[in-house]
Amino acid sequence: MPMEPKQWIDVVEDKFKYDLDHFIIPSHYEKDVQSILIPHGLIMDRIAKLAQMIASEYDDERVVVCCVLKGGHQFFSDLTRYMKKALNKQGKSLPMTLDFIRVKSYENDASTGNVQISMTDKELRELKGKNLLLVEDIIDTGNTMKRLLEKLSQYEVKSVKVASLLLKKTPKSCGYVPDYVGFAVPDLFVVGYCLDYNDIFRDLDHICAISDVGKAKYAM
């Protein structure tokens, strides 16, 4: 079931716009980002809360937590670390299996509309009858995730839920909203905390808005 807007943190650009001088930014990115939207500490606190929410909605059945690579891997790592300490409906620890899938749909700062999935048909068939939690970095238009869910529906997965750290507030959205959302962010191209621009900025701890200088410098 899609998360209700009141349950996520709404990042409004004018209120969540921290000066670069307020936090540590790698010197090689000083001109490549225009502002910090979500500092690293706030990201971590929100992930800890999401882990509690997710675990509390599962029974004793094992959950396959699947990272959507590449951007989702830092969120995945931190989320599963917190989920190991969280309790399920029965007040017990949650059994988990970890898996990975690569989905590509971006070039520069735009979605190509073409979705490439790394899992083989054999690997997808192995998901039959299992509870699957997809962990994604950002839902932009929602088209990529919708296509991925349509693909997974062919393999008789018992349940599929999606946890996304970010949900972009864009008029291009198809209307898809995941089951769990960390933050709703403005219609900007955001980088950092392993969100990339052509594979750059994954080594930036905070979530930032990329500058025009950064876009030009790292465009393909």
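This chain uses plain numbering: 1 for the first residue, then up along the sequence.
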Q) To the nearest 0.5 Å, how far apart are CD1 in I138 and SG in C194? A) 13.5 Å
Q. In the single-linkage hydrophobic clustering (I, L, V, M, F, W, Y; side-chain heavy atoms under 4.5 Å), do V213 and I210 co-cluster?
A. no
Q | Within 6.0 angstrom of D212 CG, more than 12 heavy atoms from elsewhere | A | no
Q. Can you tell me how far the CE atom of M96 sits from the CG atom of N88, to the nearest 0.5 Å?
A. 11.0 Å
Q: Return each pair, listed once, that meets side chain to side chain donor-acceptor pair (under 3.5 Å) where at least one residue sits in residues 74-85; pairs must be two or more places apart or across chains.
A: Q74-D78, D78-R81, D78-Y193
Q: Kindly indicate, with the supporting measurements, whether the criterion side chain to side chain contact (heavy atoms under 4.5 Å, CB included) is fulfilled by D10 and F183.
A: CA-CA 6 Å; D10 188 14; F183 304 87; over 6 Å; no
**Q.** Distance-minimising heavy-atom pair for A163 and F75
**A.** O-CE2, 3.7 Å
Q. Just by modelled atom types, is the G214 backbone N or O under 3.5 Å from a matching donor or acceptor in the S211 side chain?
A. yes
Q) Side chain of H206, backbone of I38: donor and acceptor closer than 3.5 Å? A) no
Q: Please check if the side chain of Y29 supplies one atom and the backbone of F201 the other of a donor-acceptor pair under 3.5 Å.
A: yes
Q) Does R62 have any salt bridge (charged side-chain N to carboxylate O under 4.0 Å, His left out) partners at least two apart in sequence or in another chain, and if so, which? A) none
Scan the side chains in residues 127-134 for donor-acceptor partners under 3.5 Å anywhere in the protein, sequence neighbours excluded, and list what turns up.
unit_1, atom_1, unit_2, atom_2, d
K130, NZ, E126, O, 3.1
N131, OD1, S159, OG, 2.6

Q: Starting at OG1 of T141, measure out to CG of N143 and round the result to the nearest 0.5 Å.
A: 3.5 Å
Q.
I'd like to check H40 versus D45 (side-chain heavy atoms, cut-off strictly below 4.5 Å). Are they in contact?
A. no
Q.
Rounded to the nearest 0.5 Å, what separates atom CG in L165 from atom CG in L79?
A. 9.5 Å
Q. Same cluster for I43 and V12 if Ile/Leu/Val/Met/Phe/Trp/Tyr side chains link at under 4.5 Å?
A. no
Q: Look at the side-chain heavy atoms of Ile, Leu, Val, Met, Phe, Trp and Tyr, link any pair under 4.5 Å apart, and say whether I54 and L98 land in one connected group.
A: yes
Q) Are any of the side-chain nitrogens in K169 or D187 under 4.0 Å away from the carboxylate oxygens of its partner? A) no
Q. Can you list every salt bridge (charged side-chain N to carboxylate O under 4.0 Å, His left out) pair that touches residues 46-60, not counting sequence neighbours?
A. E57-K161, D60-K92
**Q.** Beyond-backbone contact of K151 with K146, side-chain heavy atoms, under 4.5 angstrom
**A.** no
Q. Heavy atoms, side chains only, cut-off 4.5 Å: are V33 and V191 in contact?
A. yes
Q: Over all heavy atoms of both residues, which pair between A86 and A55 is shortest? Give the atoms and the distance, please.
A: CB-CB, 3.6 Å
Q: Show your reasoning for whether side chain to side chain contact (heavy atoms under 4.5 Å, CB included) applies to V185 and L167.
A: CA-CA 6 Å; V185 295; L167 175 65; over 6 Å; no
Please list, one pair per line, the donor and acceptor atoms closer than 3.5 Å that link side chains of residues 172-179 to other protein atoms, with sequence neighbours excluded.
unit_1, atom_1, unit_2, atom_2, d
S173, OG, G175, N, 2.9
D179, OD1, M1, N, 2.8
D179, OD2, V162, N, 2.8

Q: Starting at CD1 of I24, measure out to CD1 of I36 and round the result to the nearest 0.5 Å.
A: 10.0 Å
Q | Atom pair CG/CD of L166 and E136 - distance to nearest 0.5 Å | A | 9.5 Å
Q: Check the pair L94, V63 against side chain to side chain contact (heavy atoms under 4.5 Å, CB included), reporting the backbone distance first and the verdict last.
A: CA-CA 8 Å; L94 181 68; V63 178; 4.1 Å; yes
(Q) Could you walk me through whether L124 and L152 satisfy the side chain to side chain contact (heavy atoms under 4.5 Å, CB included) test, starting with their C-alpha distance in whole Å, then the side-chain angles of each, then the deciding distance to 0.1 Å, before giving a yes or no? (A) CA-CA 7 Å; L124 289 167; L152 291 171; 3.7 Å; yes
**Q.** Within one Ile-Leu-Val-Met-Phe-Trp-Tyr cluster: L87 and L50, side-chain cutoff 4.5 Å
**A.** no
Q.
Is the shortest side-chain heavy-atom distance between Y18 and P39 below 4.5 Å?
A. yes
Q.
Quick test of your reading of the model: are K158 and E61 salt-bridged, counting only N-O distances below 4.0 Å?
A. yes
(Q) Any heavy-atom pair between the side chains of I101 and L69 that's under 4.5 Å? (A) no
Q: Sorted by first residue and then second, give each salt bridge (charged side-chain N to carboxylate O under 4.0 Å, His left out) pair with at least one member in residues 21-42; sequence neighbours left out.
A: D32-K217
Q) A184 and W8: which non-hydrogen atoms are nearest, and at how many Å? A) CB-NE1, 3.4 Å
Q. V190 versus L37: any side-chain heavy-atom pair under 4.5 Å?
A. yes
Q.
Taking the side chain as everything from C-beta on, heavy atoms only, tell me whether L149 gets closer than 4.5 Å to V160.
A. yes
Q) Would you say the side chain of D137 lies within less than 4.5 Å of the side chain of S164, judging by non-hydrogen atoms? A) no
